[in-house]
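See structure below.
One is the number of the first residue; the rest follow in order along the sequence.
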Amino acid sequence: AVLQYGKNSSEAQKLGKQLETLSQELAENKQKMSEADRAADDLDKSMHDIDSTTGKIDGGFSVLKGTLANLASAGIQKVIQGMKDLGSSAYSAWQEYDEGADIIIQKTGARGKSAEGLEKVYKKVSKSVNASFEEVGTSVGEVNTRFGSTGKELTTLSTKFLKFAQLNGTDVNTAIDTTQSAMRAWGVETKDTGKMLDLLNKAGQDTGVSMDTLAEDLKKNTPALKEMG
C-alpha cells in the first residue's frame, strides 16, 4: 500500500491500523491458547490419578473448566479453531464442554435467549462442581425441564443434584427423576428440594438403603404412609 499509494495515504494508514489490531488479537489468542493447553495438560495428568477402589478420578475437571467457560463467554472462536488446527489436547476438552451444552438443548428444546440463559447456568455450574460436562449438561437440562427452574434457582438445584448423585454413587439423571417423582407424590414444592435431598441423604446414611430405592419406595408407598399419618 505504501509503494502504490504513498506512505501517508489513507489506504496505507487504514491497512496499518488493521495490522495493528490483528497483531493484538494474535497475541491475546496465543496467550489464551497457551493457558488452555496448560490446563488441558493438567487435566490429562489428573485423569491418570484414579482411585483403585472406587475407580473415580481424583480432582476431576476443575482445573480446566474455568478456562473453557471463559473462552465460551468471550466468544473466542478463533482460539477454538486454533486449538483444532494445532491438534491441541485442549480442543478435545472443548468438545466435551460443547457436547455438555448440546445435551441441555436436546433436553429442553430451548432457543434464542432461553438457550443463552441456560448456557450461562451451565458455565457457572461447570466451574463450581467436580463433575463431567456430560453430567452437568444432564443436570441443568433435567432440572429445567422437570422443575421449570431458571437463573439462580436452576444453578442452585443443578449443583445440589450433582453433589447428591456423587455423594450417593448414583446417576444424576436417575437421581433427579426419582426425587422429583417422590416430591410430586407428596406435594413437596420446588423451593423445598434442598430439604428433600437432605432428608433422603439422612435416611440413606441411617439405613444403608440406596437413594434410588428410597425415593422409589417413598413414591410407591405414598397412600399407605399417608394413611399411617
Side-chain angles (χ1 to χ4, degrees), residues 54-57 60-62 65 68-69 72 96-111 113-223 225-226:
T54 64
K56 291 185 178 180
I57 299 165
F61 295 85
S62 56
K65 282 178 179 173
L68 291 176
E96 290 182 23
Y97 179 87
D98 199 38
E99 286 167 5
D102 288 343
I103 289 173
I104 297 173
I105 301 304
Q106 291 167 7
K107 286 184 174 292
T108 64
R111 295 290 183 272
K113 289 186 177 181
S114 295
E116 290 174 10
L118 293 176
E119 188 172 357
K120 286 180 182 179
V121 171
Y122 174 61
K123 291 169 189 172
K124 287 181 182 178
V125 178
S126 291
K127 289 191 284 186
S128 65
V129 181
N130 182 20
S132 72
F133 295 123
E134 180 182 356
E135 290 171 326
V136 174
T138 297
S139 185
V140 173
E142 283 292 317
V143 171
N144 173 258
T145 301
R146 291 175 177 273
F147 293 90
S149 302
T150 58
K152 187 176 180 180
E153 182 181 80
L154 178 57
T155 302
T156 301
L157 290 186
S158 298
T159 301
K160 284 182 181 293
F161 271 112
L162 283 164
K163 291 180 178 179
F164 175 81
Q166 290 176 343
L167 182 64
N168 295 286
T170 188
D171 172 68
V172 68
N173 193 87
T174 303
I176 295 170
D177 180 28
T178 54
T179 302
Q180 194 256 352
S181 295
M183 287 174 63
R184 187 172 59 235
W186 283 88
V188 179
E189 297 181 16
T190 299
K191 64 182 179 65
D192 293 321
T193 302
K195 294 178 182 178
M196 183 71 172
L197 294 178
D198 289 342
L199 183 67
L200 288 171
N201 274 327
K202 181 67 167 61
Q205 290 168 359
D206 289 346
T207 63
V209 179
S210 74
M211 288 300 105
D212 297 346
T213 301
L214 274 173
E216 183 61 30
D217 285 352
L218 190 59
K219 180 186 72 172
K220 188 167 58 179
N221 294 293
T222 300
L225 290 168
K226 284 185 175 179

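The minimum heavy-atom distance linking Ile104 with Gly141 is given by the pair CG1-N, 4.2 Å. Closest approach of Met196 to Ala182, counting heavy atoms only: CE-CB, 3.9 Å. Minimum interatomic distance between Ser158 and Ser139 (heavy atoms only, all atoms of both residues): O-OG, 3.0 Å. When all heavy atoms of Val143 and Leu157 are compared, the closest pair comes out as CG1-CB, 3.8 Å. Here the closest non-hydrogen pair linking Thr170 and Ala175 is CG2-CB, 3.9 Å. Between Phe133 and Glu96, the shortest heavy-atom distance links the atoms CB-O, 3.4 Å.
With rounding to the nearest 0.5 Å, the separation of CE in Met183 from CD1 in Ile176 is 11.5 Å. The line from CG of Leu118 to CD of Glu116 is 10.0 Å long, rounded to the nearest 0.5 Å. Rounded to the nearest 0.5 angstrom, Phe161 CZ and Thr138 OG1 are separated by 13.5 Å. Here the CG-OG1 distance, from Asn168 to Thr174, works out to 12.5 Å after rounding to the nearest 0.5 Å. Lys163 NZ to Asn201 CG: the interatomic distance, rounded to the nearest 0.5 Å, is 12.0 Å. To the nearest 0.5 Å, atoms CG (Leu200) and OG1 (Thr179) are separated by 5.5 Å.
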Can Phe147 and Glu153 be said to form a side chain to side chain contact (heavy atoms under 4.5 Å, CB included), step by step? CA-CA 10 Å; Phe147 293 90; Glu153 182 181 80; 5.6 Å; no
Would you check, one step at a time, whether the test side chain to side chain contact (heavy atoms under 4.5 Å, CB included) holds for Thr155 with Lys120? CA-CA 9 Å; Thr155 302; Lys120 286 180 182 179; over 6 Å; no
Should Leu162 and Glu135 be marked as a side chain to side chain contact (heavy atoms under 4.5 Å, CB included) after you check the CA-CA gap, both sets of side-chain angles, and the distance that decides it? CA-CA 8 Å; Leu162 283 164; Glu135 290 171 326; 3.9 Å; yes
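Using a 4.5 Å heavy-atom cutoff, the side chains of Val172 and Gln166 are not in contact. Considering only heavy atoms from C-beta on, Val125 stays 4.5 Å or farther from Leu154 through its side chain.
With sequence neighbours left out, the side chain to side chain donor-acceptor pair (under 3.5 Å) criterion links Lys107 to Glu142, Asn173.
Classification of Glu216 and Lys219 as a salt-bridged pair holds, one side-chain N sitting under 4.0 Å from a carboxylate O. The pair Asp217-Lys220 counts as a salt bridge, with a side-chain nitrogen and a carboxylate oxygen less than 4.0 angstrom apart.
Crowding of Lys113 atom NZ: a count of heavy atoms from other residues, nucleotides or ligands under 6.0 Å not exceeding 12. In the displayed structure, Glu134 atom CD is contacted under 6.0 Å by at most 12 heavy atoms of other residues, nucleotides or ligands.
In this structure, the side chain of Thr222 engages the main chain of Leu218 through a donor-acceptor pair within 3.5 Å.
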